[in-house]
Amino acid sequence: MRKKVIAANWKMNGTLEQANDLLDAFASATLNVNEEKIAVFAVPAPYLLLAKEKLVGNPFLKVAAQNCYSKKSGAYTGEISVEILKSIGIEFVVLGHSERREYFGESNSFLAEKVNISLEFGITPIFCCGEPLEIREAETQNAFVAKQLEESLFHLTAEGINKIIIAYEPIWAIGTGKTASNQQAQEMHASIRSVIAAKYGADIANEISILYGGSVKASSAVDLFAEPDVDGGLVGGASLIADEFIKIINA
Ligand code: 13P
């Protein structure tokens with residue numbers, strides 16, 4: 001069963017006081033979440049345990065790390081391993097966000113290693129892909145995104161790929177207020193699904209949740225999430241405003 005997933009990506013935002021307030025608001029809100037529709041909160045690492053504690057009352061509210069390292073443990077100062085994440089009960093990790101790719105030089109092959117170790121530890125990767133503006137303008141976005149998937153995910157077995165959540169985030173729409181049109185999002189999501197189907201078969205492709213990210217707002221979420229291949233969102237700015245993100249979850 002393909003799940004709906006509404007994920008918050010707080011990025012490097014929020015003091016402890018703000019994190020407390022936001023998490024309290026989500027913990028006490030009436031949210032339309034269930035077995036088939038979950039909300040995931042990717043908070044800064046120092047707040048992971050706090051988020052677990054605050055959201056423990058609702059089994060459909062999950063906590064994600066925003067990144068992990070590719071090794072199990074060892075002398076990698078400043079990094080966070082999936083072994084550590086697992087030990088504190090984290091079930092999801094965002095991998096390959098465009099900001100990680102751009103500012104920290106994360107390549108498709110390096111991300112493949114992170115995907116592997118996450119799956120090894122039973123942590124679900126929310127794997128981000130998406131094209132920069134010049135690729136969109138050259139109209140080669142489908143091939144660009146297909147290559148990201150091929151190089152980071154297509155070494156996996158069918159069982160492995162089935163555990164991945166994909167987030168399509170056109171870089172030109174992140175934090176810019178510019179959203180891909182519903183049609184642009186649907187076209188890319190359908191393209192991603194067809195690339196997966198070509199490699200793993202239609203049944204597996206139909207099981208995978210594909211989220212859209214890039215300036216999602218409460219006002220755009222209802223129509224966007226109604227597209228047949230859009231299974232939810234990965235939300236940055238709007239996830240830091242409690243009322244706005246609650247509306248997106250309930251959209
Ligand atoms: P915005 O919603 O702020 O555009 O961020 C999108 C994003 O990068 C989520 O991961």
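Worth knowing before you read on, the calculation uses all heavy atoms, side chains too, and leaves out hydrogens, waters and symmetry mates.
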Does the side chain of [X] reach to within under 4.5 Å of the side chain of [Y], using non-hydrogen atoms?
X	Y	answer
Asn67	Val94	no
Met12	Pro44	no
Glu91	Val63	no
Ile192	Val145	yes
Leu50	Leu16	yes
Val235	Asn9	no

Looking only at heavy atoms, what is the nearest atom pair of [X] and [Y], with distance?
X	Y	result
Ala242	Ala25	CB-CB, 3.7 Å
Ser152	Leu111	OG-CB, 3.8 Å
Ala218	Lys247	CB-CB, 3.7 Å
Lys62	Ile38	CG-CD1, 4.2 Å
Arg101	Cys129	NH2-CA, 4.3 Å
Val222	Ala251	CG2-CB, 3.9 Å

When the side chains of residues 72-82 are checked against the rest of the protein, which donor-acceptor pairs come out under 3.5 Å, sequence neighbours left out?
unit_1, atom_1, unit_2, atom_2, d
Ser81, OG, Lys72, O, 3.3
Ser81, OG, Glu83, N, 3.3
Ser81, OG, Ile84, N, 3.0

Determine, using the 4.5 Å side-chain heavy-atom cutoff (strictly less than), whether [X] and [Y] are members of one ILVMFWY cluster.
X	Y	result
Leu48	Phe121	yes
Ile248	Phe60	yes
Leu49	Val56	no
Trp172	Met188	no
Tyr69	Leu85	no

Please answer whether the main-chain N or O of [Y] pairs with a side-chain N or O of [X] as donor and acceptor at a distance below 3.5 Å.
X	Y	result
Arg193	Asp229	yes
Asp231	Ile210	yes
Ser215	Gly177	yes
Arg136	Ile171	no
Gln18	Thr15	yes
Ser220	Val216	no

query = Between Phe154 and Tyr200, how do the two ring planes meet: parallel, tilted or perpendicular, split at 30° and 60°?
reply =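 Phe154 and Tyr200: perpendicular rings.
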Taking atom [atom1] of [X] and atom [atom2] of [Y], what is their separation to the nearest 0.5 Å?
X	Y	atom1	atom2	answer
Ser209	Leu211	OG	CG	6.5 Å
Phe110	Arg100	CZ	CZ	8.0 Å
Glu137	Glu131	CD	CD	10.5 Å
Tyr47	Leu23	OH	CG	10.0 Å
Cys128	Glu169	SG	CD	5.0 Å
Ser118	Glu113	OG	CD	11.5 Å

For [X], what residues pass the side chain to side chain contact (heavy atoms under 4.5 Å, CB included) criterion, not counting sequence neighbours?
X	value
Ala64	Val40, Ala42, Phe92
Pro59	none
Leu31	Ala29, Val33, Leu61, Ile246, Ile249, Asn250
Gln183	Ser181, Glu187

For the rings on Tyr212 and Phe225, is their centre-to-centre separation under 6.0 Å?
->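 Centroid separation for Tyr212 and Phe225: 6.0 Å or greater.
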In residues 156-166, what donor-acceptor pairs under 3.5 Å come from side-chain atoms, sequence neighbours left out?
unit_1, atom_1, unit_2, atom_2, d
Thr157, OG1, Glu159, N, 3.4
Thr157, OG1, Gly160, N, 3.0

[X] bridged to [Y] by N-O distance under 4.0 Å:
X	Y	value
Glu207	Arg2	no
Glu150	Lys199	no
Lys3	Glu36	no
Asp21	Lys54	no

inquiry  = Show, in sequence, the C-alpha distance, side-chain angles and deciding distance for Leu95 and Ile126, and conclude whether the side-chain contact (heavy atoms from CB on, under 4.5 Å) test is met.
reply    = CA-CA 6 Å; Leu95 293 180; Ile126 299 175; over 6 Å; no
Is there a donor-acceptor contact under 3.5 Å linking the side chains of [X] and [Y]?
X	Y	result
His189	Glu227	no
Asn108	Gln148	no
Gln66	Trp10	no
Tyr168	Gln141	no

### Query
Under the side-chain contact (heavy atoms from CB on, under 4.5 Å) criterion, do Ile174 and His97 qualify, and how do the steps go?
CA-CA 11 Å; Ile174 295 178; His97 192 280; 4.2 Å; yes
Exercise. Assess whether salt bridge (charged side-chain N to carboxylate O under 4.0 Å, His left out) is satisfied between Lys217 and Glu244, documenting all intermediate values.
Key: CA-CA 7 Å; Lys217 303 270 181 294; Glu244 179 81 4; over 6 Å; no
- Step-by-step side-chain contact (heavy atoms from CB on, under 4.5 Å) determination, Thr124 to Val93: CA-CA 6 Å; Thr124 301; Val93 62; over 6 Å; no
>> Run the side-chain contact (heavy atoms from CB on, under 4.5 Å) test on Leu224 and Gln186 for me, step by step, so that the C-alpha distance in whole Å, both residues' side-chain angles and the decisive distance to 0.1 Å come before the verdict.
In response: CA-CA 8 Å; Leu224 181 65; Gln186 168 55 28; over 6 Å; no
